[in-house]
Amino acid sequence: MRVLIHGPDNHHWREALKTRLPNATLLTSDDDGEQPADYLVVWKPPASLFNAQDHRLKAILNLGAGVDALLANPALPRGVPILKLRDAGMADTMADYVHYGVLHFHRNFDTYLAQEQHSSWQEQLLEAKSAWPVGVLGLGAIGRHVAGHLAAQGYPVHGWSRSPKVLDNVRCHHGDDGLDDVLSHARILINLLPGTSATQGLLDAQKLDRLPRGAALINPGRGSTLDIDALLTAIESGQLRGALLDVFPEEPLPQDSPLWTHPRIRITPHIAAPTPVEQAADQIAGNILRLERGDAIEAVQVEAGY
């Protein structure tokens, strides 16, 4: 069994998989080039890597939860199962990031930051968590965990997904009407939707206007979901209080982007939920072994985009 790895820290991934797949021949694109394999373990591979494959390729395993870049690759072979990481330890770190963002706005740290710039000592009213409904867009493995975490902290949580979901202590919505319901309630909106054709530019001026005036946005999902111009207009008009952004339509974020210097926008460089190698390697190796045994496995729905 030949497994070819292409992505950041190839050698680290090979060492992590070596003990989990002792009978496999583990190759990296750094050392061994682009050659045929039974399994590809990849992150944003070039088209040439796919062009080098032959009939033996059994599956492509993505080194992350988002597959939008992979599915957009014009050389992606048809009919080959694609497996993505599902949680693999990322849900906890994402919940930490989102919780930080919620506290940033609920506890008025954005206001205190602005006051600090003017040496202004002024206490702000602290409202109860029950007065801060949170909307979570996207209820996949990570979104479900984030929604449950915030509900456990005492925030009223509204979740939205394409199809119906049922989660303890989370009011779940789906479909277009359900999205309107979530937007109308959320004082803080959290985007964890995948990057697909259906979510491209979803959070536009019309959607942002449906939020309660003075709401805040946290986007650690996909940069393609958010209309940046609409965001800036909404913040300037007071429709939005501010935003915490981790992902962008273009990454790295260009140095001349107005987002860098906007006083009501906080920026982090796509670090909300880094892939933990050890836990991810457990999942990747387990999936390969299940495929080798012929067991059923949950693959990416290419048409849906996730």
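Nothing fancy with the numbering, it's 1 onward along the sequence. Basis for what follows: all heavy atoms, side chains included, without hydrogens, waters or symmetry-related copies.
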- prompt: Taking all atoms of both residues into account, what is the closest heavy-atom pair of A88 and P276, and its distance?
  reply: O-CG, 3.0 Å

- request: Supply the atom-to-atom distance L232 CG to L259 CG, rounded to the nearest 0.5 angstrom.
  value: 5.5 Å

- prompt: Should the heavy atoms of other residues, nucleotides or ligands under 6.0 Å from CD of E123 be counted, would the total exceed 12?
  reply: no

task: Would you kindly confirm whether L208 and L193 end up in one hydrophobic cluster when ILVMFWY residues are joined by side chain heavy atoms under 4.5 Å apart?
output: yes

query: Donor-acceptor pair, H145 side chain versus A141 backbone, under 3.5 Å?
result: no

field: Same apolar cluster (I L V M F W Y, side chains within < 4.5 Å links), I218/L113
entry: no

query: Are V3 and W43 connected, step by step, through hydrophobic side chains (Ile, Leu, Val, Met, Phe, Trp, Tyr) whose heavy atoms are closer than 4.5 Å?
result: yes

task: Identify the heavy atoms of A16 and E278 that sit nearest to each other, and give their distance.
output: CB-OE2, 4.1 Å

query: Considering all heavy atoms of both residues, which atom of A215 and which atom of A186 are nearest to each other, and what is their separation?
result: CB-O, 3.6 Å

query: Hey, what do you get for CZ (R144) to OG (S161), rounding to the nearest 0.5 Å?
result: 9.5 Å

message: Given Y39, which partner from the list L291, L21, L57 fulfils the side chain to side chain contact (heavy atoms under 4.5 Å, CB included) test?
response: L291

message: Please check if the number of heavy atoms outside R2 that lie under 6.0 Å from its CZ is greater than 12.
response: yes

task: Mind listing the closest non-hydrogen atom pair of A285 and R20 along with its distance?
output: CB-CB, 3.6 Å

query: Do the non-hydrogen side-chain atoms of I188 and Y155 ever get within less than 4.5 Å of each other?
result: no

message: Among residues at least two apart in sequence or on other chains, which ones pass side chain to side chain donor-acceptor pair (under 3.5 Å) with K129?
response: none

Please list every donor-acceptor pair under 3.5 Å in which a side-chain atom of residues 67-86 meets a protein atom from a residue at least two apart or in another chain.
from	atom 1	to	atom 2	distance (Å)
D68	OD1	R222	NE	3.1
N73	OD1	A75	N	3.0
N73	ND2	P45	O	3.0

query: What ring-ring contact (aromatic ring centres under 6.0 Å, His included) pairs are there with at least one residue in residues 178-211, not counting sequence neighbours?
result: H158-H185

Check against side chain to side chain contact (heavy atoms under 4.5 Å, CB included), L49 and L4: CA-CA 10 Å; L49 184 68; L4 178 61; 3.4 Å; yes

message: Can you tell me how far apart CG (L231) and CD (E236) are? Round to the nearest 0.5 Å.
response: 10.0 Å

- prompt: Are more than 12 heavy atoms from other residues, nucleotides or ligands located less than 6.0 Å from atom CG of N51?
  reply: yes

message: For R213, is the CZ atom crowded, meaning more than 12 foreign heavy atoms sit under 6.0 Å from it?
response: yes

query: So, for W13 and A281, which heavy atoms are closest and what is the spacing to 0.1 Å?
result: CZ3-N, 4.1 Å

field: Side chains of V247 and P220 in contact at under 4.5 Å (non-hydrogen atoms)
entry: no

Exceeds 12 heavy-atom contacts within 6.0 angstrom, atom NE2 of H11: yes

message: Counting C-beta onward and ignoring hydrogens, is there a side-chain heavy-atom pair between L179 and L137 closer than 4.5 Å?
response: yes

message: With a 4.5 Å cut-off on side-chain heavy atoms, are K58 and E292 touching?
response: yes

query: Do you know the tightest heavy-atom contact between Q255 and W260?
result: O-CD1, 3.6 Å

- request: Could you tell me which residues satisfy salt bridge (Lys or Arg N to Asp or Glu O under 4.0 Å) with D180, sequence neighbours excluded, listed by chain and number?
  value: R210

message: Checking D246 against I271 for the side chain to side chain contact (heavy atoms under 4.5 Å, CB included) test, could you report, in this order, the C-alpha distance in whole Å, the side-chain angles of both residues, the deciding distance, and whether it holds?
response: CA-CA 7 Å; D246 187 56; I271 50 77; 3.8 Å; yes

query: Do any N or O atoms from the side chain of Q115 and from the backbone of Q122 form a donor-acceptor pair under 3.5 angstrom?
result: yes

- request: Verify the cluster assignment for L27 and I5: are they in a single hydrophobic cluster under the rule of side-chain heavy atoms below 4.5 Å apart?
  value: no

Nearest-0.5 Å distance that lies between atom CG in L40 and atom CG in N62: 11.0 Å

task: Decide if atom CG of D176 counts as having more than 12 heavy atoms of other residues, nucleotides or ligands within a radius under 6.0 Å.
output: no

- line: Here the gap from T199 atom OG1 to L226 atom CG, rounded to the nearest 0.5 Å, amounts to 11.5 Å

- prompt: Distance only, no hydrogens: is a donor on one side chain within 3.5 Å (strictly under) of an acceptor on the other, for Q124 and T111?
  reply: no

query: Where the side chain of H106 meets the backbone of L126, is there a donor-acceptor pair that is under 3.5 Å apart?
result: no

query: Would N169 and V157 count as a side chain to side chain contact (heavy atoms under 4.5 Å, CB included) if you check the C-alpha gap in whole Å, the side-chain angles of each, and the deciding distance to 0.1 Å?
result: CA-CA 8 Å; N169 302 314; V157 179; over 6 Å; no

Student check: side-chain heavy atoms of I190 and L150 closer than 4.5 Å: yes

- prompt: Any donor-acceptor pair under 3.5 Å linking the side chain of Q283 with the backbone of Q279?
  reply: no

field: Validation row: P156, R171 side chains within 4.5 angstrom (heavy atoms)
entry: no

- request: Please determine if R14 and D31 form a salt bridge, counting it only when a charged side-chain N lies under 4.0 Å from a carboxylate O.
  value: yes

query: Would a distance-only check, ignoring hydrogens and angles, find a side-chain to backbone donor-acceptor pair under 3.5 Å from Q200 to T225?
result: no

task: Check step by step if side chain to side chain contact (heavy atoms under 4.5 Å, CB included) holds for W160 and L139.
output: CA-CA 7 Å; W160 183 82; L139 296 176; 5.9 Å; no

query: Do E251 side-chain atoms and P269 backbone N/O form a donor-acceptor pair below 3.5 Å?
result: no

field: side-chain hydrogen bond (donor to acceptor under 3.5 Å, both in side chains) partner of N10, the single match among D32, D30, T28
entry: D30

query: Atom CG of D282 and atom CG of N287: how far apart are they, to the nearest 0.5 Å?
result: 11.0 Å

Identify every side-chain donor-acceptor pair in residues 95-105 under 3.5 Å, counting partners at least two apart or on other chains, and give the distances.
from	atom 1	to	atom 2	distance (Å)
Y97	OH	T268	OG1	2.6
H99	ND1	H149	NE2	3.1

- prompt: Is it true that I267 and L189 fall in one hydrophobic cluster, defined by side-chain heavy atoms closer than 4.5 Å?
  reply: yes

Distance-only donor-acceptor pairs under 3.5 Å for side chains of residues 298-306, two or more places apart:
from	atom 1	to	atom 2	distance (Å)
Y306	OH	R162	NE	3.1
Y306	OH	R162	NH2	3.2

message: Taking the side chain as everything from C-beta on, heavy atoms only, tell me whether E34 gets closer than 4.5 Å to P46.
response: yes

message: Keeping N108 on the side-chain end and L125 on the backbone end, is there a donor-acceptor pair under 3.5 Å?
response: yes

4.5 Å side-chain heavy-atom contact, M94 and L192: yes

